[in-house]
Amino acid sequence: MVFRAVKGMNDILPDEAQRWQYVENVFRQTVHRHGYSEVRTPVVESTSLFVRSIGENTDVVDKEMYSFERHDDSLTLRPEGTAGAVRAYVEHALHAKEPVSRWYYIGPMFRAERPQRGRYRQFYQAGCEIYGDKGPVSDAEMITMLADFLKSLGIEGLEVKVNSLGGADTRERYRQALLDYFRPFAEQLSEHARGRLVSNPLRILDSKDARDQALAEKAPSILDCLAPEDREHFAELCASLESLGTPYRVDPRLVRGLDYYTRTLFEIVSMAGELGSQNALVGGGRYDNLVHELGGPKTPAIGFAMGLERLLLAIPSQPSATETDCFFAPLGAVAARKCLVLARDLRQNGIHAEVDGRGGSLKSLLRRADALRARFAIIIGESELADNTAMLKDLRQHSQQTIDLTTLPQAVAQLVHNTKTQPVGEST
Ligand code: AMP
């Protein structure tokens, strides 16, 4: 029997994991500079948390959750990060401890969707949440932080789309306006959209079906239904984005698959084409009622989630693989033990060192050093052991020298350091 990974769930092997770490590190640095701190919540939560927050008539809750019963509990693998973060915010009464909380997370999410390029059943999201700030200044700052982050990764053809869903009143008025508009065309809608006419008419705007899209083109705009305070909030968001010089497009038909959004809504897509139809890199928006709905005090909030797989598909050039500074090639068991000690000393000096203790000929050891793109190889054989020395080969300059073992860690650390601080293009 041959075991394979579950459909839609992928292994990330070490070669690829380097790219993940790179993106995650840039993300962490970016959000730290903006005052966010990391939160880690469980991957399993009560099913009812997601039903309550994401909404019953959404695709996610309706058909994509991995739920299971355990004793008397109904549990679900988290399909997104916001619900758990809000649950934790309320459970630990963060509102009483600080007026504004800025959180970020990176972790796996699970949705039983039809797998395709850029769409998986286990996928990773990096996201941020701000609690206790009603915006729109923070909204504009969050959107700009994201746009700058994506640009810094070299992703081209980015488009920032923004919209406002207003508050509950606006949503209800708009729902009615959409019903009035779509009902006469019910026969022309796709079957899926006809179902949505009853359950969630806003999502018809989001349909990928050409018939629905054609009708949605002329549907009323939510921006015409906004209450005056919502309209002002949205206008200020746009003005802040303009002062930050962040290009954006107002898309009155932008809606999202989760029910909790209010007011500001945004999406960042990559138009460069690598992603095909799954080109939404980031989705986010305000959810000013959710903290209260989940048992906390009235607390405005905004957040986004970004799919890391899609980000990695969209990044053009990859950072080069790490190179080994020093490769130890011991000839024999006694030499191998010496090398272990020397390598540990070097690592304590911040040097990347590897010891090949598998034995074999010098030739085969040096082949391995080349494969690892090692800068230096340190060879210890019988004659070196007798002299308490090592042969140091510079594999790029093709030179070699004998070094006394007592001074080796300092001498090699200095050499590696010098090669790293050399200006690009110069060599020793
Ligand atoms: P959502 O949580 O649905 O608003 O999605 C936010 C972002 O997560 C999307 O823009 C994608 O980048 C990513 N995403 C959502 N679902 C998937 C999936 N099934 N596979 C990969 N990435 C996803």
Side-chain angles (χ1 to χ4, degrees), residues 5-12 16 20 23-24 27 41 43 45 49-50 53-55 57-66 76-86 104-129 142-143 146-147 149-150 153 155 157-163 165 200 202-203 205-208 251 254-262 264-272 274-287 290 301-315:
V6 173
K7 194 169 165 209
M9 304 195 177
N10 301 311
D11 296 312
I12 300 163
E16 216 189 323
W20 283 74
V23 167
E24 286 167 8
F27 178 74
T41 63
V43 290
E45 300 272 359
L49 172 69
F50 299 116
S53 52
I54 298 171
N57 293 316
T58 56
D59 284 350
V60 172
V61 168
D62 206 23
K63 44 185 195 244
E64 294 171 359
M65 297 211 295
Y66 285 99
T76 292
L77 297 184
R78 63 180 181 194
E80 56 98 60
T82 298
V86 174
Y104 80 91
Y105 60 85
I106 302 178
M109 307 295 159
F110 304 85
R111 291 183 199 173
E113 300 192 82
R114 192 170 59 77
Q116 53 183 295
R117 186 176 162 84
R119 184 174 289 279
Y120 310 100
R121 291 181 169 172
Q122 174 171 335
F123 58 99
Y124 287 76
Q125 283 185 337
C128 286
E129 318 284 352
M142 181 180 265
I143 293 169
L146 275 164
F149 165 73
L150 295 170
L153 292 175
I155 302 179
L158 291 170
E159 184 178 63
V160 175
K161 297 194 264 183
V162 295
N163 191 18
L165 292 183
N200 198 350
L202 258 74
R203 293 301 310 279
L205 301 178
D206 210 15
S207 168
K208 296 264 186 281
D251 179 358
L254 177 66
V255 290
R256 302 203 52 78
L258 319 175
D259 265 0
Y260 49 61
Y261 288 115
T262 52
T264 306
L265 198 65
F266 60 93
E267 193 170 86
I268 303 184
V269 301
S270 160
M271 313 291 275
E274 324 78 354
L275 292 169
S277 60
Q278 307 302 319
N279 69 346
L281 295 170
V282 187
R286 287 212 145 265
Y287 47 96
L290 189 60
I302 182 167
F304 70 81
M306 175 167 64
L308 292 185
E309 286 84 356
R310 290 190 197 174
L311 209 61
L312 284 158
L313 286 170
I315 293 177

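Just follow the structure's listing: the first ligand is 1, and inside any ligand the first atom is 1.
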| task | Heavy-atom distances under 4.0 Å are what count here, so tell me which part of L311 touches ligand 1: side chain, backbone, both or neither. | result | neither
| What atoms of ligand 1 come within less than 4.0 Å of a heavy atom belonging to A305? | 6 (C), 7 (C)
| request: State plainly whether the residues E267 and K161 are in salt-bridge range, i.e. N to O under 4.0 Å. | output: yes
| said: If you compare all heavy atoms of N163 against all heavy atoms of L254, which two are closest, and at what distance to 0.1 Å? | reply: ND2-O, 2.9 Å
| field | Residue G118 vicinity, atoms of ligand 1 by number, heavy atom under 4.0 Å | value | 20 (N), 21 (C), 22 (N)
| Numbering as shown, the atoms of ligand 1 that approach A280 to under 4.0 Å (heavy-atom distance) | 9 (C), 10 (O), 11 (C), 12 (O)
| message | So, regarding Y261 and ligand 1 (criterion: nitrogen or oxygen to nitrogen or oxygen, under 3.5 Å), is there a contact or not? | response | no
| task | For ligand 1, indicate whether the residue R119 contacts it via side chain, backbone, both or neither (heavy-atom separation under 4.0 Å). | result | both
| message | Using every non-hydrogen atom in the two residues, find where I54 and P79 come nearest and quote the distance to one decimal. | response | CD1-CG, 3.8 Å
| field | Polar atom proximity, E80 to ligand 1 (N or O, under 3.5 Å) | value | no
| field | Any N or O of M306 closer than 3.5 Å to N or O of ligand 1 | value | no
| task | Heavy-atom distances under 4.0 Å are what count here, so tell me which part of R121 touches ligand 1: side chain, backbone, both or neither. | result | neither
| Can you check whether R310 reaches F123 side chain to side chain, under 4.5 Å on heavy atoms? | no
| field | Within 6.0 Å of NZ in K63, more than 12 heavy atoms from elsewhere | value | yes
| When you look for heavy atoms under 4.0 Å from ligand 1, do you find them on the side chain of L281, its backbone, both, or neither? | backbone
| Test of proximity, E309 against ligand 1: N or O pairs below 3.5 Å | no
| message | Under 3.5 Å between any N/O of F123 and any N/O of ligand 1: does that happen in this structure? | response | no
| query | When rounded to the nearest 0.5 angstrom, what distance separates CD in E129 from CE in M142? | reply | 7.0 Å
| task | Heavy atoms only: give me the nearest Q278-Q116 pair and the separation to one decimal. | result | NE2-OE1, 3.3 Å
| field | Pair Y66-E64, side-chain donor/acceptor within less than 3.5 Å | value | no
